[in-house]
Amino acid sequence: MVEVVVKLALVAAAFAVLPLLVGQAEHKVMAHMQGRLGPMYAGGFHGWAQLVADGVKFAQKEDVVPRAADRWVFKLAPGVALVPYLLVLIVVPVGPDGQVALDLGLGLFFALAVMGVGVIGAIMAGWASANKYSLLGGMRVAAQLMSYELPMVFAASSVAMAAGTLSLPGIVGEWRWWWLPWQAIGAVVFFVAGLAELRRPPFDMPVADSEIIFGPYTEYGGLRFALFILAEYAGIVVLCALTTVLFLGGWKGPFLDAELGWLWTLLKVAVLAFLVIWLRVSYPRMREDQLQKLAWAYLVPLSLGQLALTGVLKVAFG
């Protein structure tokens, strides 16, 4: 019982800290890459208090619920968007020998299913806001979920087939370095599809501020809006962690896997999170037709090809 409580406390602490670190890193990386001066001033040295300033700003804003909104769904949506990512972290291993809060035999299936629930929070927000722009944003979220869930599942299934298990620790245990070129296509498809499900640039059509103000979040303010932003950063952590576990060997590093496995996992997650921020800075927003074409014309065939390749190699080499 004590071990379970300690593991859950550590997961909760990671869930409270890691998304905030990603948010702070995004402020600083974007400030350097785009020459933004604002995020470099708050608190003095290197703008260390920018995240604190954002939190104070959100806390001071008024919490308004539109008169025509579905009040219960409107208030529930931020929690539905955020909490599923906490549940996913419970099954993500950070190191060998039981360094996971809960080792489910169907851990991969659980993680992908619960991540889909997190996206539903944005759809609920758009539907409940009684705002045509919010509704349009919610429908775009639904379209992206339907389009990108398929290649994401196919790419993850390729790794599960190669490892012969749906357990996330089991997948890392079976992983070998030569899987990197073998599963490279699946890794790219999984990561890109995950970014689209999180509505991260350049896949942020549902929250296109120049067209539909802020999509499903238009009517939200104060701490409820902050929860949606926090859910986005939590989703980045979860996506990077799953990509690390499935395609980059998880806790396996160049040396001392048993002693430093948790460090290798965190380093890989940090590098992928930096890549997520880099992509936001580098690429313009895609049009809706381009976004759908990328999914159905490219990612789905590539993920099916990766799945077929894995099946052939498994049969050929056992």
Side-chain angles (χ1 to χ4, degrees), residues 15 19-20 22-23 26 51 53-88 113-149 152 193-239 276 280 284-292 295:
F15 184 74
L20 297 179
V22 172
E26 182 165 65
L51 205 62
D54 286 342
V56 172
K57 175 188 68 176
F58 285 127
Q60 289 178 334
K61 288 188 175 182
E62 185 178 3
D63 181 20
V64 177
V65 179
R67 181 180 301 173
D70 187 327
R71 298 182 68 87
W72 285 106
V73 178
F74 185 88
K75 293 180 179 180
L76 188 62
V80 174
L82 179 61
V83 172
Y85 296 119
L86 171 61
L87 299 179
V88 174
V114 174
M115 282 185 69
V117 174
V119 179
I120 292 176
I123 301 175
M124 293 170 58
W127 180 262
S129 292
N131 180 308
K132 60 183 178 182
Y133 298 108
S134 299
L135 179 60
L136 179 58
M139 293 303 99
R140 286 180 173 181
V141 171
Q144 281 190 213
L145 173 63
M146 294 176 62
S147 300
Y148 284 89
E149 188 76 13
M152 191 175 187
L195 289 179
E197 285 205 2
L198 294 176
R199 296 156 324 271
R200 288 286 301 182
F203 307 107
D204 58 337
M205 282 302 298
V207 293
D209 52 324
S210 60
E211 302 174 18
I212 51 178
I213 310 179
F214 214 70
Y217 315 135
T218 300
E219 300 294 346
Y220 284 86
L223 291 178
R224 296 187 198 279
F225 181 79
L227 288 178
F228 279 116
I229 301 301
L230 184 62
E232 179 179 323
Y233 291 135
I236 293 174
V237 173
V238 168
L239 173 63
V276 171
R280 173 177 181 173
R285 178 183 298 130
M286 301 178 71
R287 296 197 312 266
E288 188 67 24
D289 61 310
Q290 292 173 329
L291 187 143
Q292 296 295 333

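What you see is a predicted model; the values in this text were computed from it and never measured.
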Within a strict 4.5 Å, meaning less than it, do heavy atoms of the Val238 and Phe15 side chains meet? no
How close do Leu82 and Ala231 get, heavy atom to heavy atom, and via which atoms? CD1-CA, 3.6 Å
Rounded at 0.5 Å granularity, tell me how far CD in Glu26 sits from CD in Glu232. 6.5 Å
Is the shortest side-chain N to carboxylate O distance from Arg199 to Asp204 below 4.0 Å? no
Once you round to the nearest 0.5 Å, how far does CZ of Arg71 lie from CG of Leu76? 14.0 Å
Distance-only check: which donor-acceptor pairs under 3.5 Å involve side-chain atoms of residues 54-69, not counting sequence neighbours?
residue : atom : partner : partner atom : Å
Asp54   : OD1  : Gln50   : NE2          : 3.2
Asp54   : OD2  : His27   : NE2          : 3.0
Asp63   : OD1  : Arg224  : NE           : 3.0
Asp63   : OD2  : Arg224  : NE           : 3.0
Asp63   : OD2  : Arg224  : NH2          : 3.1

d(Leu51 CG, Tyr233 OH) to nearest 0.5 Å is 8.0 Å
Minimum heavy-atom separation for Gly79 and Pro84, please, with both atom names. O-CD, 4.0 Å
Output every pair passing side-chain hydrogen bond (donor to acceptor under 3.5 Å, both in side chains) with a member in residues 75-87, not counting sequence neighbours, ordered by first then second residue. none
Would you find a donor on one side and an acceptor on the other, under 3.5 Å apart, between the side chain of Gln144 and the backbone of Val141? no
So, taking the atom named CD1 in Ile229 and the one named CG in Leu223, what distance separates them when rounded to the nearest 0.5 Å? 12.5 Å
Under 3.5 Å, sequence neighbours excluded: what are the donor-acceptor pairs made by side chains of residues 113-132?
residue : atom : partner : partner atom : Å
Ser129  : OG   : Ala125  : O            : 2.6
Asn131  : OD1  : Tyr133  : N            : 2.7
Asn131  : OD1  : Ser134  : N            : 3.2
Asn131  : ND2  : Glu219  : OE2          : 2.5

Donor-acceptor under 3.5 Å (Tyr220 side chain, Phe228 main chain): no
Backbone of Gly138 reached by a side-chain donor or acceptor of Arg140 within 3.5 Å: no
Write down the atom of Leu230, the atom of Leu20, and the distance for their closest heavy-atom approach. CD1-CD2, 4.0 Å
With rounding to the nearest 0.5 angstrom, report the CD to CD distance, Glu197 to Glu149. 4.0 Å
Can you tell me how far the CZ atom of Arg280 sits from the CD1 atom of Ile236, to the nearest 0.5 Å? 8.5 Å
